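Data first, discussion second: the structure below is written as C-alpha coordinates.
These values consider heavy atoms only, across backbone and side chains, with no hydrogens, waters or symmetry-generated copies. By convention in this document, chain letters (A, B, ...) are assigned in the order of the sequence lines, proteins followed by strands, and residues within each chain are numbered from 1. Nothing here was measured: the structure is a model prediction, and the numbers come from that model.
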2 protein chains.
Amino acid sequence: MKWNELSDNWCPVARTLSIVGDRWTLLILRDCFLGLSRFEQFIESSGMTRHILAERLKRLVEAGILERRQYSAGPKRYDYVLTEKGQELAPALMNLRDWGKKHMPVRRATNA
Amino acid sequence: MKWNELSDNWCPVARTLSIVGDRWTLLILRDCFLGLSRFEQFIESSGMTRHILAERLKRLVEAGILERRQYSAGPKRYDYVLTEKGQELAPALMNLRDWGKKHMPVRRATNA
DNA sequence: TGCCTTAGTTCCAAAATGAAACTGATGGAG
DNA sequence: CTCCATCAGTTTCATTTTGGAACTAAGGCA
(Lines give C-alpha, C1' and ligand atoms only; values in the text may rest on other atoms or scores of the structure.)
Protein backbone atom coordinates (compact mmCIF):
# COMPACT_ATOMS: atom_id res chain seq x y z
CA MET A 1 0.00 0.00 0.00
CA LYS A 2 1.10 3.52 -0.73
CA TRP A 3 1.30 6.27 1.81
CA ASN A 4 -0.97 8.54 -0.21
CA GLU A 5 -3.79 6.04 -0.11
CA LEU A 6 -4.14 6.65 3.59
CA SER A 7 -6.55 9.55 3.26
CA ASP A 8 -9.55 7.25 3.18
CA ASN A 9 -8.36 4.76 5.74
CA TRP A 10 -10.84 3.60 8.36
CA CYS A 11 -8.47 4.82 11.06
CA PRO A 12 -8.63 8.49 11.99
CA VAL A 13 -4.98 8.49 13.01
CA ALA A 14 -4.03 7.33 9.52
CA ARG A 15 -6.26 9.94 7.91
CA THR A 16 -4.68 12.66 10.01
CA LEU A 17 -1.19 11.50 9.12
CA SER A 18 -2.09 11.44 5.46
CA ILE A 19 -1.88 15.23 5.54
CA VAL A 20 0.31 16.15 8.48
CA GLY A 21 2.42 13.02 8.55
CA ASP A 22 4.88 13.90 5.83
CA ARG A 23 8.39 14.98 6.65
CA TRP A 24 8.62 18.59 7.87
CA THR A 25 4.89 19.27 7.85
CA LEU A 26 4.43 19.27 11.61
CA LEU A 27 7.48 21.50 11.98
CA ILE A 28 5.83 24.09 9.76
CA LEU A 29 2.82 23.98 12.04
CA ARG A 30 5.06 24.25 15.10
CA ASP A 31 6.50 27.43 13.58
CA CYS A 32 3.00 28.77 13.00
CA PHE A 33 2.18 28.21 16.65
CA LEU A 34 5.38 30.09 17.49
CA GLY A 35 4.07 33.05 15.54
CA LEU A 36 5.94 32.65 12.26
CA SER A 37 4.01 33.04 9.03
CA ARG A 38 6.33 33.87 6.16
CA PHE A 39 8.06 31.63 3.66
CA GLU A 40 11.55 32.83 4.51
CA GLN A 41 10.85 32.49 8.22
CA PHE A 42 9.85 28.87 7.85
CA ILE A 43 12.97 28.21 5.81
CA GLU A 44 15.24 29.72 8.40
CA SER A 45 13.51 28.24 11.40
CA SER A 46 13.09 24.67 10.24
CA GLY A 47 16.03 24.18 7.89
CA MET A 48 13.96 22.46 5.24
CA THR A 49 14.46 23.24 1.57
CA ARG A 50 12.31 25.84 -0.26
CA HIS A 51 11.26 23.17 -2.65
CA ILE A 52 9.64 21.01 0.02
CA LEU A 53 8.30 23.97 1.94
CA ALA A 54 6.39 25.21 -1.09
CA GLU A 55 4.88 21.80 -1.67
CA ARG A 56 3.86 21.37 1.99
CA LEU A 57 2.33 24.82 2.23
CA LYS A 58 0.22 24.11 -0.82
CA ARG A 59 -1.08 20.89 0.72
CA LEU A 60 -1.79 22.52 4.06
CA VAL A 61 -3.76 25.29 2.39
CA GLU A 62 -5.70 22.78 0.28
CA ALA A 63 -6.47 20.84 3.44
CA GLY A 64 -7.78 23.97 5.15
CA ILE A 65 -5.15 23.88 7.87
CA LEU A 66 -3.38 27.07 6.79
CA GLU A 67 -4.71 30.09 5.01
CA ARG A 68 -2.68 31.90 2.37
CA ARG A 69 -3.01 35.58 3.03
CA GLN A 70 -1.74 38.58 1.13
CA TYR A 71 0.22 40.71 3.57
CA SER A 72 1.73 43.21 1.15
CA ALA A 73 0.01 44.96 -1.73
CA GLY A 74 3.08 46.73 -3.07
CA PRO A 75 5.11 43.78 -4.18
CA LYS A 76 2.29 41.26 -3.84
CA ARG A 77 3.39 38.94 -1.08
CA TYR A 78 1.70 36.19 0.83
CA ASP A 79 2.09 34.52 4.17
CA TYR A 80 0.41 31.66 5.97
CA VAL A 81 -1.72 31.58 9.07
CA LEU A 82 -3.43 28.79 10.97
CA THR A 83 -7.14 28.34 10.43
CA GLU A 84 -9.42 27.20 13.24
CA LYS A 85 -8.96 23.66 11.97
CA GLY A 86 -5.20 24.14 12.10
CA GLN A 87 -5.30 25.59 15.61
CA GLU A 88 -6.93 22.41 16.78
CA LEU A 89 -3.74 20.51 16.13
CA ALA A 90 -2.20 22.35 19.06
CA PRO A 91 -2.87 19.60 21.65
CA ALA A 92 -1.14 16.97 19.52
CA LEU A 93 1.89 19.21 19.02
CA MET A 94 2.00 19.93 22.75
CA ASN A 95 2.04 16.24 23.54
CA LEU A 96 4.81 15.58 21.07
CA ARG A 97 6.76 18.45 22.61
CA ASP A 98 6.25 17.18 26.14
CA TRP A 99 7.28 13.67 25.17
CA GLY A 100 10.39 15.01 23.48
CA LYS A 101 11.31 17.12 26.51
CA LYS A 102 11.03 14.11 28.73
CA HIS A 103 12.50 11.38 26.57
CA MET A 104 14.78 12.98 24.02
CA PRO A 105 17.52 14.96 25.74
CA VAL A 106 19.74 17.08 23.51
CA ARG A 107 23.21 15.67 22.92
CA ARG A 108 24.81 18.28 20.70
CA ALA A 109 22.90 21.45 20.00
CA THR A 110 22.41 22.37 16.36
CA ASN A 111 21.65 25.84 15.10
CA ALA A 112 18.70 25.05 12.85
CA MET B 1 19.25 20.37 6.22
CA LYS B 2 18.50 16.68 6.28
CA TRP B 3 15.65 15.10 8.15
CA ASN B 4 17.98 12.76 10.05
CA GLU B 5 19.87 15.66 11.56
CA LEU B 6 16.82 16.57 13.59
CA SER B 7 17.65 14.35 16.54
CA ASP B 8 19.73 17.06 18.18
CA ASN B 9 17.53 19.99 17.31
CA TRP B 10 16.82 22.55 20.02
CA CYS B 11 13.09 21.91 19.55
CA PRO B 12 11.60 18.94 21.41
CA VAL B 13 8.92 18.53 18.74
CA ALA B 14 11.64 18.10 16.13
CA ARG B 15 13.52 15.63 18.31
CA THR B 16 10.38 13.59 18.81
CA LEU B 17 9.64 13.55 15.10
CA SER B 18 13.18 12.46 14.38
CA ILE B 19 12.17 9.01 15.61
CA VAL B 20 8.41 8.76 15.28
CA GLY B 21 7.99 11.19 12.39
CA ASP B 22 8.87 8.85 9.54
CA ARG B 23 6.19 7.41 7.32
CA TRP B 24 4.27 4.53 8.94
CA THR B 25 5.99 4.73 12.31
CA LEU B 26 3.07 6.20 14.21
CA LEU B 27 0.76 3.66 12.61
CA ILE B 28 2.87 0.86 14.04
CA LEU B 29 2.48 2.44 17.44
CA ARG B 30 -1.25 2.82 16.89
CA ASP B 31 -1.40 -0.92 16.23
CA CYS B 32 0.53 -1.58 19.41
CA PHE B 33 -2.00 0.44 21.37
CA LEU B 34 -4.70 -1.65 19.71
CA GLY B 35 -3.07 -4.75 21.09
CA LEU B 36 -1.17 -6.01 18.07
CA SER B 37 2.41 -7.11 18.53
CA ARG B 38 3.48 -9.42 15.72
CA PHE B 39 5.21 -8.69 12.43
CA GLU B 40 2.50 -10.21 10.28
CA GLN B 41 -0.18 -8.39 12.25
CA PHE B 42 1.43 -5.03 11.63
CA ILE B 43 1.72 -5.84 7.95
CA GLU B 44 -1.91 -6.76 7.62
CA SER B 45 -3.23 -3.95 9.75
CA SER B 46 -1.26 -1.06 8.33
CA GLY B 47 -0.66 -2.11 4.75
CA MET B 48 2.98 -1.09 4.80
CA THR B 49 5.64 -3.26 3.19
CA ARG B 50 7.66 -5.79 5.19
CA HIS B 51 10.81 -4.02 4.15
CA ILE B 52 9.83 -0.75 5.78
CA LEU B 53 8.23 -2.42 8.77
CA ALA B 54 11.44 -4.26 9.61
CA GLU B 55 13.42 -1.04 9.41
CA ARG B 56 10.97 0.90 11.57
CA LEU B 57 10.77 -1.80 14.22
CA LYS B 58 14.53 -1.80 14.51
CA ARG B 59 14.58 1.95 15.05
CA LEU B 60 11.78 1.85 17.58
CA VAL B 61 13.56 -0.84 19.56
CA GLU B 62 16.84 1.08 19.44
CA ALA B 63 14.98 4.15 20.66
CA GLY B 64 13.52 2.23 23.57
CA ILE B 65 9.94 2.72 22.43
CA LEU B 66 9.28 -0.93 21.67
CA GLU B 67 10.78 -4.03 23.16
CA ARG B 68 11.58 -7.08 21.06
CA ARG B 69 10.36 -10.10 22.92
CA GLN B 70 10.65 -13.78 22.17
CA TYR B 71 7.17 -15.23 22.27
CA SER B 72 7.87 -18.71 20.96
CA ALA B 73 10.74 -21.00 21.83
CA GLY B 74 9.87 -23.73 19.36
CA PRO B 75 10.45 -21.93 16.15
CA LYS B 76 12.18 -18.93 17.73
CA ARG B 77 9.86 -16.03 17.10
CA TYR B 78 9.73 -12.48 18.29
CA ASP B 79 7.11 -9.82 18.71
CA TYR B 80 7.09 -6.21 19.82
CA VAL B 81 5.54 -4.54 22.82
CA LEU B 82 5.42 -0.95 24.02
CA THR B 83 7.80 0.07 26.76
CA GLU B 84 6.83 2.61 29.38
CA LYS B 85 8.45 5.26 27.19
CA GLY B 86 6.36 4.07 24.27
CA GLN B 87 3.15 4.04 26.28
CA GLU B 88 3.67 7.70 26.98
CA LEU B 89 3.07 8.50 23.34
CA ALA B 90 -0.58 7.57 23.88
CA PRO B 91 -1.80 11.13 24.49
CA ALA B 92 -0.30 12.37 21.23
CA LEU B 93 -1.86 9.51 19.30
CA MET B 94 -5.21 10.19 20.95
CA ASN B 95 -5.06 13.82 19.89
CA LEU B 96 -4.24 12.89 16.31
CA ARG B 97 -7.13 10.43 16.35
CA ASP B 98 -9.57 12.99 17.73
CA TRP B 99 -8.49 15.57 15.20
CA GLY B 100 -8.94 13.08 12.40
CA LYS B 101 -12.37 12.06 13.59
CA LYS B 102 -13.46 15.67 13.64
CA HIS B 103 -11.77 17.04 10.54
CA MET B 104 -11.09 14.15 8.19
CA PRO B 105 -14.33 12.39 7.30
CA VAL B 106 -14.02 9.17 5.31
CA ARG B 107 -14.94 9.50 1.65
CA ARG B 108 -14.46 5.97 0.36
CA ALA B 109 -13.61 3.25 2.80
CA THR B 110 -10.54 1.18 2.09
CA ASN B 111 -9.89 -2.25 3.48
CA ALA B 112 -6.38 -1.70 4.79
C1' DT C 1 19.47 51.69 -14.30
C1' DG C 2 20.91 48.55 -11.34
C1' DC C 3 20.56 46.02 -6.89
C1' DC C 4 17.63 44.24 -3.04
C1' DT C 5 13.89 41.61 -1.07
C1' DT C 6 10.94 37.67 -0.97
C1' DA C 7 7.93 33.97 -2.68
C1' DG C 8 8.24 30.68 -5.32
C1' DT C 9 10.28 27.09 -9.50
C1' DT C 10 13.46 24.19 -11.86
C1' DC C 11 17.06 20.79 -12.19
C1' DC C 12 19.41 16.93 -10.89
C1' DA C 13 21.76 13.68 -7.80
C1' DA C 14 20.98 11.05 -3.64
C1' DA C 15 18.00 8.76 -0.48
C1' DA C 16 13.64 6.55 0.79
C1' DT C 17 9.75 3.84 -0.46
C1' DG C 18 6.87 0.01 -2.76
C1' DA C 19 6.24 -4.47 -4.80
C1' DA C 20 7.44 -8.87 -5.09
C1' DA C 21 10.29 -12.70 -4.64
C1' DC C 22 13.36 -15.09 -1.62
C1' DT C 23 15.54 -17.11 2.96
C1' DG C 24 15.82 -19.71 7.16
C1' DA C 25 14.28 -22.02 11.08
C1' DT C 26 10.82 -25.10 12.64
C1' DG C 27 6.27 -27.65 13.07
C1' DG C 28 3.01 -30.82 11.61
C1' DA C 29 0.40 -33.83 8.20
C1' DG C 30 0.77 -37.88 5.73
C1' DC D 1 11.18 -39.06 6.45
C1' DT D 2 9.14 -35.75 3.00
C1' DC D 3 6.62 -32.03 1.79
C1' DC D 4 3.99 -28.15 2.76
C1' DA D 5 2.85 -24.35 5.91
C1' DT D 6 4.11 -20.50 9.17
C1' DC D 7 6.31 -16.42 10.25
C1' DA D 8 10.03 -13.07 10.85
C1' DG D 9 12.77 -11.11 8.37
C1' DT D 10 16.15 -9.86 3.57
C1' DT D 11 17.14 -8.84 -1.01
C1' DT D 12 16.45 -6.72 -5.35
C1' DC D 13 15.05 -3.31 -8.33
C1' DA D 14 11.88 0.26 -10.20
C1' DT D 15 9.54 4.41 -8.71
C1' DT D 16 8.96 8.38 -5.76
C1' DT D 17 10.58 11.73 -2.57
C1' DT D 18 14.20 14.48 -0.78
C1' DG D 19 18.09 17.81 -0.60
C1' DG D 20 20.93 21.36 -2.46
C1' DA D 21 21.68 24.91 -5.34
C1' DA D 22 20.73 27.89 -8.92
C1' DC D 23 17.18 30.45 -11.17
C1' DT D 24 12.64 33.35 -11.96
C1' DA D 25 9.22 36.92 -11.15
C1' DA D 26 7.42 41.26 -9.36
C1' DG D 27 8.11 45.03 -7.42
C1' DG D 28 10.81 48.76 -4.30
C1' DC D 29 14.45 51.86 -3.63
C1' DA D 30 18.71 54.56 -4.38
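- Side-chain N/O atoms of B/W24 include one lying less than 4.0 angstrom from OP1 or OP2 on C/dG18.
- Without hydrogens or angle criteria, B/R56 side chain to B/R23 main chain gives a donor-acceptor distance under 3.5 Å.
- The distance between atom CH2 of A/W3 and atom C1' of C/dA19, rounded to the nearest whole Å, is 18 Å.
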Under-3.5 Å N/O pairs linking protein and nucleotides 7-16 of chain C:
| from | atom 1 | to | atom 2 | distance (Å) |
| --- | --- | --- | --- | --- |
| C/dA7 | OP1 | A/Y71 | OH | 3.3 |
| C/dA7 | OP2 | A/E40 | N | 2.9 |
| C/dA7 | OP2 | A/E40 | OE2 | 3.3 |
| C/dA7 | N7 | A/E40 | OE2 | 3.0 |
| C/dA7 | N7 | A/R50 | NH2 | 3.4 |
| C/dG8 | OP1 | A/R68 | NH2 | 2.7 |
| C/dG8 | OP2 | A/Y80 | OH | 2.3 |
| C/dG8 | N7 | A/R50 | NE | 3.3 |
| C/dG8 | N7 | A/R50 | NH2 | 3.2 |
| C/dG8 | O6 | A/R50 | NE | 2.9 |

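- Aromatic ring pairs are classed by plane angle as parallel below 30°, tilted from 30° to 60° and perpendicular above 60°; the pair A/Y80 and A/F42 is tilted.
- As a whole-Å value, the separation of B/I43 CD1 from D/dC7 C1' is 11 Å.
- Note: CZ (A/F42) to P (C/dT6) measures 14 Å, nearest angstrom.
- Side-chain contact between B/N95 and A/L93 is absent, with no heavy atoms from C-beta onward closer than 4.5 Å.
- For the pair A/W24 and A/L53, the minimum side-chain heavy-atom distance is 4.5 Å or more.
- C/dT17 atom P lies 14 Å from atom CG of A/L17, rounded to whole Å.
- You'll find the side chain of B/M48 stays beyond 4.5 Å of the side chain of A/W3, heavy atoms only.
- Taking CD1 from B/I28 and CG from B/L82, the interatomic distance works out to 11.0 Å, rounded to the nearest 0.5 Å.
- As rounded to whole Å, 10 Å separates atom C1' of D/dA8 from atom CG of B/L53.
- For B/E40, the side-chain hydrogen bond (donor to acceptor under 3.5 Å, both in side chains) partners are B/R50, not counting sequence neighbours.
- Inter-residue side-chain proximity for A/R15 and B/V106 is flagged as met; some heavy-atom pair is nearer than 4.5 Å.
- Applying the 6.0 Å contact sphere to NZ of B/K101 captures no more than 12 heavy atoms from other residues, nucleotides or ligands.
- Across its full length, the helix from C/dT1-D/dA30 to C/dG30-D/dC1 shows an angle of 0° between the axes of its 5 terminal pairs at either end, rounded to 10 degrees.
- When the C1' atom of C/dT17 is taken as reference, atom CZ of B/R59 falls 15 Å away, rounded to whole Å.
- Rounded to whole Å, atom C1' of C/dT17 lies 15 Å from atom CG of B/L27.
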